[in-house]
Amino acid sequence: MPPTAARNPLAAVLRSLGSLIPGRRADGPAQDRIIRPWSDDARHQYPTIGLTPSKLLALLQSADFGAPTLQFELFSDMLQRWPRLAAVENTRRLALTGLDWEVLPTPGDNSNTAQTVADYVRQTLDHIERFRDSLDHLANAIGFGIGVAELVWEAGDLIDVVPVPYNRLIVDPNEPWRVRVRTEDEPTRGVPIDDQPLKWLVHQPRPKPGRPFSQGLLRASALLYLAQNLSFKDWLIFSQIAGMPVRVAQFEPGTPDADKRELLKMLESLGTDAVAAFGKNIDLKFIESAHSGQRPYQPLQEYCNTEVTILWLGQHLTTDIRQSGSRAAAEIHDRVREDLLVNDIADESRTIRRDLIRPLVQARFGDDVPTPIFRRSLVQAVDTRVLADVLSVAVNQLGLQVPTSWVHQAL
């Protein structure tokens, strides 16, 4: 018996009799909430501390064998320790989540039923308080490679969407294609999500058969982070050694050993205090380092920053415009990033429609009703004067019907 049921037998009885409670659909989607607060969610192992190539390889291999917790924690640490990665990850993710969303009827279906179904879905999602938080969580799949949320039902109605913490995700080594969610009742094996298709929302932007935790931009970013982090540590040590003058004190022959040790302590204190008292027989000299103005590790730092920017945004001129290029070239490169945004929008729309809207429609209207689509409102950046001229011709001369709301948003 699970630990929770052992502590509360009444809860176990009510759970087993849930389908008999009046007002609840026995044949509807699963209704018990699985993702609840758990002490394991607050635990963190900080795998970036002492990260080496062999340790990174072990983390990635562990994820391949079904235990991706350390891999996910590594990426979270990377976002906190590498400012450039945090900046480009925010840019890529917020470009998606910052757009307004809408629910539209099935393309080509202009019936009243299709519009009624779309309106119902939109109103339901509007009333779910944490739906936006869930969308933000799913957008993290761009880096993590996967995002999972739980659908909570009551009496056949969707009442909540709960993001699943990344430390809950595992797979069975004997069934590496089946993603499972760890719970307090099942802390080791977890519960499979494919057994309850109406219960889980699973977002995988670039799924690979049999390898649920190897996609996303996490792994490519981890290799660049390793090079950047190791070289940055060496740069700090070099700056401390080469950037300070060498302190040399000459003493007369026959000076006692105790005086020599005391003199050495005074020289060491000059590195921080810059104040010391020496006898007249001590000759103190400062020898400037010949490498004090050099930055041998800066090219590698710039290389890692540039490559991780290209990896996430598809270009780097919009972030490194002060170093190279012009604003005109940066604006051209920024359009390449729009291609990635359009792809992110399509991935999200496909997941929301499959795992959220379709179960919602089936629970309310049955299986024969067409499924609406979920779409982000993307307005391309254009010259407003050119757009106004085009609209004038399209509406006044060609007689096209252009929605007023779209025109207001575009202008």
Side-chain angles (χ1 to χ4, degrees), residues 91-129 131-136 138-139 142 157-158 161 201 203 205 313-314 318 328 330-411:
T91 300
R92 177 75 177 268
R93 177 171 47 83
L94 296 179
L96 172 66
T97 60
L99 299 174
D100 294 332
W101 59 268
E102 56 186 350
V103 179
L104 301 176
T106 304
D109 190 344
N110 298 322
S111 63
N112 293 332
T113 301
Q115 186 63 48
T116 300
V117 173
D119 292 340
Y120 166 74
V121 172
R122 186 186 310 107
Q123 293 172 5
T124 301
L125 298 182
D126 280 336
H127 286 84
I128 296 179
E129 183 177 354
F131 178 61
R132 181 178 178 84
D133 295 338
S134 299
L135 291 179
D136 294 342
L138 297 179
I142 299 172
D157 295 327
L158 181 66
V161 181
L201 194 162
H203 183 43
L313 304 184
T318 53
E331 291 177 350
I332 295 176
H333 278 242
D334 192 50
R335 298 172 191 167
V336 179
R337 191 176 66 197
E338 289 183 359
D339 295 338
L340 298 178
L341 176 57
V342 170
N343 185 72
D344 292 340
I345 291 174
D347 288 338
E348 180 194 53
S349 175
R350 181 168 54 250
T351 298
I352 297 297
R353 188 186 190 197
R354 180 193 66 228
D355 292 345
L356 177 58
I357 296 182
R358 183 173 298 168
L360 183 60
V361 172
Q362 291 176 348
R364 181 61 179 264
F365 299 97
D367 299 336
D368 299 332
V369 176
T371 304
I373 62 174
F374 180 90
R375 190 179 68 179
R376 295 280 186 174
S377 301
L378 176 63
V379 177
Q380 302 286 343
V382 297
D383 189 324
T384 54
R385 181 176 296 276
V386 174
L387 178 60
D389 293 339
V390 172
L391 288 175
S392 177
V393 174
V395 175
N396 298 328
Q397 300 183 22
L398 301 180
L400 298 182
Q401 299 294 326
V402 180
T404 305
S405 59
W406 183 90
V407 175
H408 279 286
Q409 185 177 14
L411 294 177

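Residues Leu125 and Ile128 are in side-chain contact: their nearest non-hydrogen atoms beyond the backbone lie under 4.5 Å apart. Counting heavy atoms from C-beta on, the side chains of Ile352 and Leu201 come closer than 4.5 Å. At a threshold of 4.5 Å between non-hydrogen side-chain atoms, the residues Arg92 and Leu340 count as touching. Side chains of Thr97 and Leu135 form no contact here, defined as non-hydrogen atoms less than 4.5 Å apart. Leu391 places a side-chain heavy atom less than 4.5 Å from the side chain of Leu387.
Using modelled atom types and a 3.5 Å distance limit, the side chains of Asp339 and Asn343 yield no donor-acceptor pair.
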Acceptor/donor pairs from residues 395-403 side chains to any protein atom, 3.5 angstrom cut, sequence neighbours excluded:
| from | atom 1 | to | atom 2 | distance (Å) |
| --- | --- | --- | --- | --- |
| Asn396 | ND2 | Ser392 | O | 3.3 |
| Asn396 | ND2 | Ser392 | OG | 3.3 |

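When every heavy atom of Thr371 is checked against every heavy atom of Arg353, the shortest pair comes out as O-NH2, 2.8 Å. In plain terms, the two heavy atoms of Gln123 and His127 that are nearest each other are O-ND1, 2.6 Å. Counting all heavy atoms, side chain and backbone alike, Ala118 lies closest to Pro105 at CB-N, 3.8 Å. Nearest heavy-atom pair across Ile373 and Pro107 is CG2-CD, 3.9 Å. Between Val121 and Pro372 the shortest heavy-atom distance is CG2-CG, 4.3 Å.
Checking side-chain atoms of Thr116 against main-chain N and O of Asn112 turns up a donor-acceptor pair under 3.5 Å.
Taking the six-membered ring where the residue is Trp, Phe374 and Trp101 present parallel rings, their angle staying beneath 30° rather than reaching 60°.
Within the structure, the salt bridge (charged side-chain N to carboxylate O under 4.0 Å, His left out) test picks out the following pairs touching residues 93-117 (sequence neighbours left out): Glu89-Arg93, Glu102-Arg375.
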(request) For the pair Asp157 and Thr124, evaluate side chain to side chain contact (heavy atoms under 4.5 Å, CB included) and give the outcome as yes or no after the intermediate values. (result) CA-CA 9 Å; Asp157 295 327; Thr124 301; over 6 Å; no
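Summarising the geometry, atom CG belonging to Leu360 is positioned 12.5 Å from atom CG belonging to Asp355; distances are rounded to the nearest 0.5 Å. Distance check, rounded to the nearest 0.5 Å: CG of Leu341 to CD of Glu338 gives 7.0 Å. For the atom pair CG of Asp126 and CZ of Arg122, the computed distance is 8.0 Å after rounding to the nearest 0.5 Å. Taking CD1 from Ile357 and CG from Leu158, the interatomic distance works out to 11.0 Å, rounded to the nearest 0.5 Å. Rounded to the nearest 0.5 Å, atoms CZ (Arg350) and CD1 (Ile345) are 12.5 Å apart. How far OG1 of Thr91 is from CG of Leu96: 13.0 Å, rounded to the nearest 0.5 Å.
Applying the side-chain contact (heavy atoms from CB on, under 4.5 Å) test to Val369 and every residue at least two apart in sequence or in another chain returns Val117, Val361, Phe365.
Salt bridge status for Arg376 with Asp344: absent, with no side-chain N to carboxylate O gap under 4.0 Å.
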